[in-house]
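Just so you know, ligand 1 is whichever comes first in the structure, and atom 1 is the first atom listed for that ligand. Just so we're clear, the structure is a prediction, and the values are computed from it rather than from any experiment.
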Amino acid sequence: MSELTEYRFSFGPWNISEGADPFGPEVRSPYSLEEKLDWYRPLGFEGVQFHDDDVVEGLNDLEHLQIMKRAREVGHALRDRGLTPEFVAPRLWFDPRTIDGGYTSNDAAQRKYALDRSIKAVDVAREVGTPNIVLWLAREGSYIRESKDAKTAYQRILDAVNLLLEYDEEIQVWIEPKPNEPMDHAYVPTIGHALALAYQSVDPARVSGLIETAHAVLAGLDPSDEMAFALAHDKLASVHLNDQNGLKFDQDKSFGAANLRSAYNQVRVLERSGYGRRGEFIGLDVKAMRTQSQESSTAHLSNSRALFLHLLDKVRSADQQLEQELIAARDYEALEAYTLCLLLGVPTDASSPRVETPATAVQHA
Ligand code: XUL
Ligand code: MN
């Protein structure tokens, strides 16, 4: 095995989108799943993230055998193209029965729907060829505090995780925390919450986390520290790299587009922790801007991947001995100057790093 990690990249078919937002309709024509799969290899990706109904459209209206047949077909389509399914996530937030949540709905029949649908997602995952189930707990939260009993809700989420673990002893559950949107407050807002659930579950070794940059930012947290927390527990199963310009709707911007230094620190923590050496993917969850044309509606994917690789070069070329010396001297101003010069690609004096004034700057007396 080479010394350096060779990263593998993944994204989900929803990342090639038609550009609809809550204020306007689609602006690009849709590609079929198979057409989208054709994009993966040319763009430099080998992993495919799925929702259950990305694999089998109209899942709720089909019989078990029909569902399995379509999942098998998609499995073949992946193998024909040299692609790997990374995970399947039950899409629990679209159905009228989950308006007020799935596992945490106040209505027993609706909770049952959410559990049945999650079991279907496990069947789809196994048939398409992955043991990994992602739970983004979209509507497991509240619009107003008084509407749900939060303590009961946590127990119900734990019961759902346990049910999946017991249904299939081979699967792994990856919880993707997010603090809000579509709910006012979600019950599993951070990786700390997700891992607490993991440890409380019937099989902690099979429950871990998936961290999305934008979700950490929305929680007011530093994405690289969130990743470090999961890595310290050996529970970072995957990441959704993207970016987020402050506290607003979930933007899913291209990786590094809002905060290049934060992106650098995410790559740095992943690389220095040996993430990816066991085949973990560098997953993206990035949205094409509504303003993109049909022809350039995949550019955000190749740009995000390329940006990751540029930042990886920066991380690998950083002078770690110098970093250690500056830390030992507690000269964080110099460490910061060194980091900024590294990112800018401008030289700095290694014995005393500082940001030099550019030669082109007009000097005023
Ligand atoms: C939503 C989000 C989802 C999950 C998969 O914010 O990130 O797309 O990644 O369900
Ligand atoms: Mn995501």
>> Distance alone, cut at 3.5 Å: any donor-acceptor contact between the side chains of Glu166 and Asn162?
In response: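 No, no side-chain donor-acceptor pair sits under 3.5 Å.
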>> For a quick check under 3.5 Å, do Arg277 and Thr5 share a side-chain donor-acceptor pair by atom type?
In response: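 Note: Arg277 and Thr5 side chains meet the donor-acceptor criterion.
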Taking side chain as C-beta onward, heavy atoms only, is [X] less than 4.5 Å from [Y]?
| X | Y | answer |
| --- | --- | --- |
| Phe281 | Phe9 | no |
| Asn265 | Thr339 | no |
| Phe50 | Leu33 | yes |
| Arg206 | Ile171 | yes |

>> Test of understanding: given a 4.0 Å heavy-atom threshold, classify the contact between Arg91 and ligand 1 as side chain, backbone, both, or neither.
In response: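 Near ligand 1, Arg91 shows nothing, with every heavy atom at 4.0 Å or more.
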> Are any side-chain N or O atoms of Thr348 and backbone N or O atoms of Arg354, one a donor and one an acceptor, separated by less than 3.5 Å?
Replying inline: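 Side chain of Thr348 to backbone of Arg354, a donor-acceptor pair under 3.5 Å: yes, one is there.
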>> Is it the case that the side chain of Glu169 and the backbone of Leu165 share a donor-acceptor pair, with hydrogens and angles ignored and the cut-off at 3.5 Å?
In response: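 Not a single qualifying donor-acceptor pair exists.
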> Do any nitrogen or oxygen atoms of Trp136 come within less than 3.5 Å of a nitrogen or oxygen of ligand 1?
Replying inline: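 No - when backbone and side-chain N and O of Trp136 are compared with those of ligand 1, no distance drops under 3.5 Å.
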>> Side chain or backbone, does Trp93 bring an N or O within less than 3.5 Å of an N or O on ligand 1?
In response: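 No, no N or O pair falls under 3.5 Å.
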> When you measure from atom 4 (C) of ligand 1 to every protein heavy atom, which one gives the shortest distance, and what is it?
Replying inline: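 That would be Glu176 OE1, 3.1 Å.
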>> Please list the nearest protein heavy atom to atom 2 (C) of ligand 1 with its residue and the distance rounded to 0.1 Å.
In response: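 Result for atom 2 (C) of ligand 1: Asp285 OD2, 3.5 Å.
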Would you mind writing out the side-chain donor-acceptor pairs for residues 182-196 within the sub-3.5 Å range, not counting sequence neighbours?
{"from": "Asp184", "atom 1": "OD2", "to": "Arg145", "atom 2": "NH1", "distance (Å)": "3.4"}
{"from": "Thr190", "atom 1": "OG1", "to": "Gly192", "atom 2": "N", "distance (Å)": "3.2"}
{"from": "Thr190", "atom 1": "OG1", "to": "His193", "atom 2": "N", "distance (Å)": "3.3"}
{"from": "Thr190", "atom 1": "OG1", "to": "His193", "atom 2": "ND1", "distance (Å)": "2.7"}

List ligand 1 atoms under 4.0 Å from [X], heavy atoms only on the residue side.
| X | result |
| --- | --- |
| His51 | 5 (C), 10 (O) |
| Lys178 | 6 (O) |
| Asp250 | 6 (O) |
| Trp14 | 8 (O) |
| His240 | 9 (O) |

>> Would Glu181 count as a contact residue for ligand 1, given that I'm defining contact as a non-hydrogen atom of the residue lying under 4.0 Å from a ligand atom?
In response: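 In this structure, Glu181 fails to qualify as a contact of ligand 1 - no heavy atom is under 4.0 Å.
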>> Membership question, hydrophobic clusters at under 4.5 Å side-chain separation (ILVMFWY): are Met227 and Val286 in the same one?
In response: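 Same hydrophobic cluster.
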> Are Tyr199 and His233 an aromatic pair by the rule of ring centers under 6.0 Å?
Replying inline: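 Yes; His233 has its ring centre under 6.0 Å from that of Tyr199.
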> What protein N/O/S atoms are found closer than 2.8 Å to the Mn ion (ligand 2)?
Replying inline: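 N, O, S partners closer than 2.8 Å: Glu176 OE2, Glu212 OE1, His240 ND1, Asp285 OD2.
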